[in-house]
Structure formats: structure tokens, C-alpha cells
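As C-alpha cells, the structure follows; a few thoughts come after it.
Just so it is clear, the structure is predicted and the values come from calculations on it, not from any experiment.
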Amino acid sequence: MCSMMGLYKFGEIEKKWQRFWEESKTFKARDCDDSRPKYYVLDMFPYPSGQGLHVGHPEGYTASDIVARYKRMKGFNVLHPFGWDAFGLPAEQYAVQTGTAPEETTKKNIDNMRRQTKSLGFSYDWDREVATTDPKYFKWTQWIFLQLFNSYFDEAEQKAKPIEQLPIPEGLSEAERQKYIDDHRLAYEAEVAVNWCPELGTVLANEEVIGGLSERGGHPVIRKPLRQWMLRITKYSERLLDDLELVDWPYSIRKLQTDWVGKSIGADVDFAVDGFDETIRVFTTRPDTLFGATYMVMAPEHPLVDKIAAEDRREAIEKYREEASRKSDLDRTDLAKDKTGEPIGAYAINPVNGEKIPIWISDYVLISYGTGAIMAVPAHDERDFEFATKFGLSIIQVVEPPDPEQAEAARRGALCFVGDGRAINSGQFDGLSTAEFKERISNWLEDKGLGKKSVNYKLRDWLFSRQRYWGEPFPILHTDDGRVIALSQDDLPLELPAVENYKPSGTGEPPLANAEDWVNVTLEDGTKARRETNTMPQWAGSCWYYLRYLDPDNDRQGWDPEKEKYWMGDTGVDLYIGGAEHAVLHLLYSRLSLIHI
């Protein structure tokens, strides 16, 4: 007969000890306890999905919990908190479909996932639980935005300073002065191309667009410029690279961030436009190949195209622009795609030899990267080679490979050589090595006033707004006379209004534009103003949650500096576990928040 002795009664034992841990605050972290070393264990906090936990959640949580328990046993004061990255598109889509308020759906999902997580017996300090949708939390997300809005970047000192300290040129009118200030804020407005679906009347995320059609309904999607809030993360490019030396992260993670910032050293080169008093500036990492530049390519959206295009090319240009507007940036830069383009009937002057070279537009050049124009060197760039081969454009070899077989293949036109070698067909620079040629030609361009040495970054400014309802409202007012006014900290949190309809307005305006009683305000002096109707992206709340865990109940400040000093100290978060797929943007934005604040 089988004995019941020795069986582990999960239902009874787990509930008993989980109840004991919760009542006894067994895993509570003690702030500023200098009697023990501290250890901060951080999990990437989850989105509260209606589907509940999936297997990937406890897989990561188990690993971090093992370390947290081990460190406690070794005498460490362990901070191991938990929370919810709770703003997100699924709750809003459910609201559009059913009319159920996103906060109701989100709360229900959090309650369910909290129950599931607690049932697994992890050693979290639940007293520090946070949710990005809690007004007590997003009050400080809005506050962080205001710090960025009210700051500018000091290039000399490589740090942010209050906007009041911005040096302003003399002789400006009041309107010019205000524009100068706004143009230097770390948070600013700009017209940015987004995925617009006319049939659905809304902006779509990149992942909602498949092959130029909306994932929902299969409707055509075009690229349309809309007013967006941006953060000048590009000002921090060097800091973001240099500070990677200060973090104890795996090499692969640091390399992902280094590649995302994408620092390139090269030269800015100016090409005059034949017959026009205009100049096209390009950035190149290979100024040594200038003698091999046989045509230029501009982004279809480049504003100079309309000024210099030949009259008989305008119809074809407009048709091509329309086609390009239906593609995402990812589709446009796909190396495997067939190359397309249109000549615009204008010519640029190659500054090193005076040759006239044709100007084309092609969707593989993005207006958002570099200057929105490139010099094309088809003998030494594979993408340019494919383009030139397809359209019968001139190919001139100017770099001779050191390998004899490669050199012969390059001479026959059978090889597009992209490496370093010896300069040929380059006038007075023939015979120079690539490295020496780069230095000499850069100095020559600068002496002639035709260019200069330059550093470029792949990193783009952070698009920080969404045309959605379910997100943090911006603490910003727009007056009828065009001024942009920031709310004061005393006015925070600015909460979302209750609305009856979560559907987009259909005009490109966000759903909040429908809440006219909330949008329209009158200031104390009688000035009429409208609240910002875009909302912040999900990244806004998730890029600083590790700091709120330090002091989650503080209603006077985002966190106490003394608690930050204790828990972050010299080592910061001691162990962080999250998916590698989030290692670029999530960690990059988190570092930006910490650097600025």
C-alpha cells in the first residue's frame, strides 16, 4: 500500500508560507541600512496582458529570485521590487472595440497577473509595487518631461542646463527670441513622417503596417508628416558611447548600443548645383572615393528637389514620391529590395574634378538620416553599384585592392571593392593609401571651403509622442497666438479625461482632440489655450521605473536623493534581467533619463 508520508502538499504549504512572508514583510528592503551591504536585483517589469503570465515571465523571474535569496542569506540588504509597464496599445484597441475604459481593463489584468506572480512564491518586496498608469507614478513621468522641456544642451560642458541660462544672441525680436529658445529645448516639436491610414483615420505603428497595408483591414498606408514631440537624444550621442565604459554589461549588449548610436567619422562635402545658386551637402565616411562619385541621390522628400528639378521631370517625380510614401523606412532601406529611382533633370558639380553628375531621387535615401542626400560611388559601394548597373550610370574605379586577383576583377567591373587600398584615377592623390588619402582630401576640402571633417551618428532624435488616448498626457498648453506653455509642477499630475469614444478623430488628430471640455482652457489672464492632445509613448514610464522603486510613495519628489545614493551608489542596479530584444532602446532610454536627471 502506498504511503502518503513524504509527499509535498503544494496547495497547503505554499499558501501557508506565502501568507507568512506577506504578513511578516519577510522580503522588505530597508532603506539606507549602512549595517549591511546593499544589492539591487531588478526584473524588466511586464506589460499587464489580458493573457496573463506566459512561460517567459517566470523563467527570468526565477533566475533573479535565486540570486536575491542567495544574497539575503549572505547578509545583503536586498532590494527586489516588482511593478507594471501598464500603458499600451492592446488596452486601447480593446477600448475602441468594446467601449471599455482602458484603466478598467488594465486594472483587471494587473490584479490577475499579480495573483499569478504571487502564487509562484517569488521574494519580491510588494510594498514597492508601481504601475506606470498610476497618477502617483506618471506625475513624475510628466515632471521628467518638464525637466527636458525646460533645459538645453551645453555643447562645451556636454550636459543639460536650465533654459534660463541659454545664451541668446542680441538684436532678436521677441518672436525670434522665443523661436531661438524653443529651437534649443531638449523637448521640442517637429513635423515628422508617420504611418497614416486614410481609411482607418489613424496613425499606425510600424509593426501594424505589412507591405504598405494596414494589418487590420488591409487598407493602404502612406507616410504623412504630422506634428510630434521629439527629444534631442542625439545631443547625448558621445555621452551614451563613453558611458558604456562605466557599466558592467555583456559585450554583446554594449555592442548593440554602440551600433545603434552608430558613430561614423568622415567629411561633409558640398556639391554645387549646376545652374542654381544652391549647394547639396553630403556626409561620407569615404572622402577618398570622391573622384569616383558619378551621380548623386536625394531622398524623394528632400525640399531642394522642388527647386532644382526640370519641369519635364516633375510628373514622374510626384508619382515616385507617392509610391515612396507608402513604404516604411525599414522597407525603403532593405538591402535585398529592387532599386528604384527617378532622375530629376538637374546636375551637381563634383568639387574635386569639376565634373557634372546627374541627380536622382531614390527611396533608399532617407530624409531623416544624415543630410538626406548622398554622393554615389558605384565602384566601391554595393548599393550604389546595383543602382548604377540597373540604370546604366557611369562606374569609375578609384581604389585599387591590394590583392592582385581582386584588383584584376575590379578592373574588369566584376567586383565592387568596398575595402581599403591604393588611390587610382584620383588626380594628384594617386598612389596614396586609403587612410592617408582620407586625411589629405579632408584637409584639401577644408582649405578650399568645399567641406570639412565631420562626425555623424546613426542615432535619431527620440520620437516621443503618439496619436493615442492611453498614455501619459503632456503637461503642455498651446495658446491661440502660437506660444507653447509648460504646466508647473503644482499642476501635476495632469490626468486623462473620461471619454465616451476612444476612436481616432479621423483627421490625424489624436482621440483626445474629441474631449473638447478637457482640451480647451482659459488662463488666469483670459488667454485661450488648448491642451496637447498627443500622449507620451510607452517608453516614457518604463525608462525610469528603477528609480521610482527606490521611493515609491514619495509625493514630494520622484525619489529621495539619499535613497538613490544608497541603492544606486557606485554600482547602480547590481543585477538586471530582461530580454535581449529590449537591450537597445529600453536600456538606451533608461541611461538617457539617468544622465539628464
[X] vs [Y] aromatic rings, parallel, tilted or perpendicular, using cut-offs 30° and 60°?
X	Y	result
Phe387	Trp360	perpendicular
Trp462	Tyr589	parallel
Phe464	Phe145	parallel
Trp143	Trp559	perpendicular

query: Any sub-3.5 Å donor-acceptor pair from Glu446's side-chain atoms to Lys452's backbone N or O?
result: no
field: Donor + acceptor pair across side chains of Arg223, Asn195 (<3.5 Å)
entry: yes
At their closest point, which heavy atom of [X] faces which heavy atom of [Y], and how far apart are they?
X	Y	answer
Pro48	Thr106	CG-CG2, 4.1 Å
Arg460	Gly370	NH1-N, 4.0 Å
Trp470	Ala86	NE1-O, 3.5 Å
Glu472	Pro537	OE1-O, 3.8 Å

message: Pair Glu386, Lys339 - check salt bridge (charged side-chain N to carboxylate O under 4.0 Å, His left out), show working.
response: CA-CA 7 Å; Glu386 292 175 12; Lys339 302 300 181 289; 2.9 Å; yes
- request: Check side-chain contact (heavy atoms from CB on, under 4.5 Å) between Tyr180 and all other residues, then give those that pass, not counting sequence neighbours.
  value: Leu166, Ile168, Pro169, Leu172, His184
task: Sequence neighbours left out, what passes ring-ring contact (aromatic ring centres under 6.0 Å, His included) with Tyr47? Give chain and number order.
output: none
Side-chain donor-acceptor distances from residues 490-499 under 3.5 Å, at least two apart:
from, atom 1, to, atom 2, distance (Å)
Asp491, OD2, Ser488, N, 3.3
Asp491, OD2, Ser488, OG, 3.2

